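One structure below.
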Amino acid sequence: MIFLFANFGSILSAVALVNVSLLTKMADNGNAKGGSGAYTINLENFSKRLKVFYDHWKEHKSDLWSSSDAIAIATPPPSDDLRYLKSSALDIWLLGYEFPETIIVFMHKQIHVLCSQKKANLIGTLKKAANEAVSADIVLHVKTKNGDGADLMDDIVQAARNQSKSDKPVVGHIAKEVPEGKLLETWTQKLSGSGVRLTDVTNGFSELFAVKDTTEITCVKKAAYLTSSVLKNFVVPKLEKVIDEEKKISHSSLMDDTEKAILDPLKVKVKLKPDNVDICYPPVFQSGGKFDLKPGASSNNEYLYYDSASVIICAIGSKYSSYCSNVARTYLIDATPTQSKAYETLLKAHEAAVQEVKPGNPMSAVYQAAVAVIERDAPELLPNLTKSAGTGIGLEFRESGLNLNAKNDRKIKHGMVFNVSLGLHNVQAETTSEKTKQFSLLLADTVLVNERGHEILTAPCSKAVKDVAYSFNEDDDDAAEVKIESKTIDAVPTKATLRSDNQEMSKEELRRQHQAELARQKNEETARRLAGGGSGSGEGRGPARASNELVAYKNVNDVPFVRDLVIQVDQKNEAVLLPIYGSMVPFHLSVKEDEIRH
């Protein structure tokens, strides 16, 4: 699709998340509606955004739109690849759909559209709205099925000359988008040979798309809610189950399972229509010493590695109505002191960076805040820090011009949305294993700039140390109890003890025995309490616990997510979960104990 815009203000700088054919999938945006195969464009939304675009073009014609007399945007044919194009982003932002193989040329008093008959029928419904909004007439050029549209293109170029009153009008275009397909290749050749002066207007699009309106913000929030729910209610429980049961699963299998959860929101109890959601990129899972913190990273076919001193990185991005969101978390297994210090430092740096995401601040302040924390708390990690703290996010996963690096002094504005992403790459650990001697860490959140400062839209996914660091050694209380009792009874030694005393036993066997011993002791302790024996101290049941102490979960979000509605026992929180009317209802064990006694 090609748009020629004349004397307009800044256009958008966003993405065209390809894969979406105009007449096969609509980008709802809360506006565009369709039924029975007949699609319509929201006239109010179109009029409002067309005027915003024209006003921006007019106001910033010289500094952002390269003094363009017209702006030409060409949208390529559909593709099976997941990609982001500004031409597609413009379609979605302005019209609510992606219009593949379409050329639209915006001029001062006319908007020329070269497309198929079906698309012309849809765009033709906008004539009155365009005239009322910006006093521009829509002129349709319908391409025949087998024609190349060359003669129609001549008419468009001549109209641009007439509008600009020059034989060599300045025509803005997106320089980095390579023409695809016969129609766009013919159009590029026509422009190059027509004597017009071509200029890049990418910066204009970037500025136009940077600040989101209320409809766009709603879409981003829904996308972020889905992303958070998938990580919290699907990915984390799955990882915990795999590690607890010592299963083998590849990174690519985790990627596939997570993608299915995103595309079917009901799997994570999110009530969004599957037709309106998509992935921003294939979910990324990394472990075993091989890490890539670049946005284009992928999940390999190696097994998830979760032995002692291992690090697991998860990154998930989902879209709602083509608007993106992103979250990344790092999980530590029996972390070494170096790993713990590095994570705590990165967490502080990330939090400091997020705090600087507020209206009026230069974008460079976000990254500089992170650097200041690293320099203060762990200067040795500065060479490992990523060179950016993220980018703007919206219709495209990475909005050009909105990089949160040390050199970008563009001002942060109310309504912008950022993917604040910070990492430490290839840090040396105090181990010799090939899979743990080097590790990387990554944290990312979707952050909205509002009137109060900012809102972390992916905050439900905790990144606190207590929620991402897992321990299977004697450091936790339960393991310590096992070690103490093993001196007086012939109990199975703990995993930590066996590492030094019984090297001939496999780590898997030690873990199984350790877990079995913990389960046996927990069951005995629970039985003693229910029988009135107290906590196992041998001194009777002891003083009664006050009712305000009987708290298994502080809020509903702490209740474990389970798929099967069957009776569950949460020994850690001393609770029984009972399925009642389709929901899991927790009861503290002390309540049942009192009932037995009385």
Side-chain angles (χ1 to χ4, degrees), residues 17 19 28 82 217-244 247 249-287 295-299 304 306 312-331 390 393-394 397 417-421 442-448 455-464 467-468 470 555-564 583-584:
L17 294 177
N19 279 355
D28 191 335
L82 187 64
I217 289 174
T218 297
C219 292
V220 173
K221 285 185 174 182
K222 289 183 178 181
Y225 179 67
L226 174 60
T227 299
S228 302
S229 298
V230 170
L231 181 64
K232 183 177 180 180
N233 298 333
F234 179 79
V235 172
V236 171
K238 187 174 185 67
L239 290 176
E240 290 177 344
K241 183 177 177 65
V242 167
I243 296 173
D244 186 55
K247 292 182 176 179
I249 187 170
S250 67
H251 299 127
S252 55
S253 294
L254 287 168
M255 173 193 73
D256 291 338
D257 292 344
T258 304
E259 181 174 330
K260 291 175 183 176
I262 293 173
L263 299 178
D264 186 4
L266 286 178
K267 285 186 176 181
V268 289
K269 299 181 180 180
V270 174
K271 295 181 180 179
L272 294 177
K273 293 181 180 179
D275 288 346
N276 291 335
V277 305
D278 203 351
I279 59 171
C280 293
Y281 56 86
V284 176
F285 291 86
Q286 302 179 80
S287 67
S298 59
S299 303
L304 182 72
Y306 48 83
I312 301 171
I313 291 179
C314 307
I316 301 171
S318 64
K319 298 185 291 183
Y320 178 81
S321 291
S322 297
Y323 283 83
C324 299
S325 65
N326 187 58
V327 69
R329 294 291 183 264
T330 300
Y331 299 97
I393 191 170
F397 184 68
V417 183
F418 292 94
N419 169 34
V420 181
S421 177
L442 181 65
L443 293 173
D445 280 297
T446 303
V447 182
L448 167 67
E455 178 184 357
I456 305 175
L457 302 182
T458 47
C461 300
S462 175
K463 51 184 180 282
D467 295 319
V468 302
Y470 293 81
N555 59 66
V556 69
N557 292 326
D558 293 335
V559 178
F561 173 75
V562 295
R563 293 189 172 280
D564 301 322
S583 299
M584 299 302 290

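Here the structure is a predicted model, which means the values were calculated and not measured. We number each residue from 1, following the sequence as shown.
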request  = Verify whether one side chain among T446 and T458 offers a donor that lies under 3.5 Å from an acceptor in the other.
outcome  = no
task = Might you point out which heavy atoms bring S462 and V468 nearest each other, and give the distance in Å?
result = O-CG1, 3.9 Å
task = Could you tell me which non-hydrogen atom of L231 sits nearest to which non-hydrogen atom of C461, and how far apart they are?
result = CD2-SG, 3.6 Å
query = How many angstroms lie between OG in S250 and CG in D256, if you round to the nearest 0.5 Å?
reply = 7.5 Å
key: Least distance between heavy atoms, K267 atom then K260 atom   = NZ-CB, 4.0 Å
query = Quick one: does S252's side chain have a donor or acceptor within less than 3.5 Å of a partner on S299's backbone?
reply = no
ask   = Should N276 and K222 count as side-chain neighbours, where that means a heavy-atom distance under 4.5 Å?
value = no
note = To the nearest 0.5 Å, atom CG of L239 lies from atom CZ of R329 at 13.5 Å
key: Test side chain to side chain contact (heavy atoms under 4.5 Å, CB included) applied to L304 and F285, step by step   = CA-CA 8 Å; L304 182 72; F285 291 86; 5.5 Å; no
task = Take V230 and V235, measure what side chain to side chain contact (heavy atoms under 4.5 Å, CB included) needs, and give me the verdict at the end.
result = CA-CA 6 Å; V230 170; V235 172; 4.3 Å; yes
ask   = Can you list the residues that meet the ring-ring contact (aromatic ring centres under 6.0 Å, His included) rule with Y470, with sequence neighbours excluded?
value = none
request  = Given side chain to side chain contact (heavy atoms under 4.5 Å, CB included), test T258 with I279 step by step and report yes or no.
outcome  = CA-CA 10 Å; T258 304; I279 59 171; over 6 Å; no
message = Do I262 and P283 have side chains that approach each other closer than 4.5 Å (heavy atoms only, starting at C-beta)?
response = yes
ask   = Should I312 and T330 count as side-chain neighbours, where that means a heavy-atom distance under 4.5 Å?
value = no
key: Side-chain touch D467/V236, heavy atoms, less than 4.5 angstrom   = no
ask   = For T218, what residues pass the side chain to side chain donor-acceptor pair (under 3.5 Å) criterion, not counting sequence neighbours?
value = none
message = Working to the nearest 0.5 angstrom, can you tell me the gap between Y323 OH and S318 OG?
response = 15.0 Å
task = Output, in order, the C-alpha distance, side-chain angles, deciding distance and verdict of side chain to side chain contact (heavy atoms under 4.5 Å, CB included) for V220 and L448.
result = CA-CA 9 Å; V220 173; L448 167 67; over 6 Å; no
query = Out of curiosity, E259 CD to Y281 OH, how far, rounded to the nearest 0.5 Å?
reply = 12.0 Å
Value rounded to 0.5 Å, distance of CD in E240 from OH in Y306 = 13.5 Å
ask   = Considering residues at least two apart in sequence or located in another chain, which fulfil the side chain to side chain contact (heavy atoms under 4.5 Å, CB included) criterion with S421?
value = N419, L442, A444
task = Evaluate the side-chain proximity of Y331 to C314: yes if any heavy-atom separation is below 4.5 Å, no if none is.
result = yes
Side-chain heavy-atom pair V277, P265 within 4.5 angstrom cut-off = yes
request  = Could you grab the distance from atom OG of S321 to atom CG of L272, nearest 0.5 Å is fine?
outcome  = 9.0 Å
query = Is any side-chain heavy atom of N326 closer than 4.5 Å to a side-chain heavy atom of I316?
reply = no
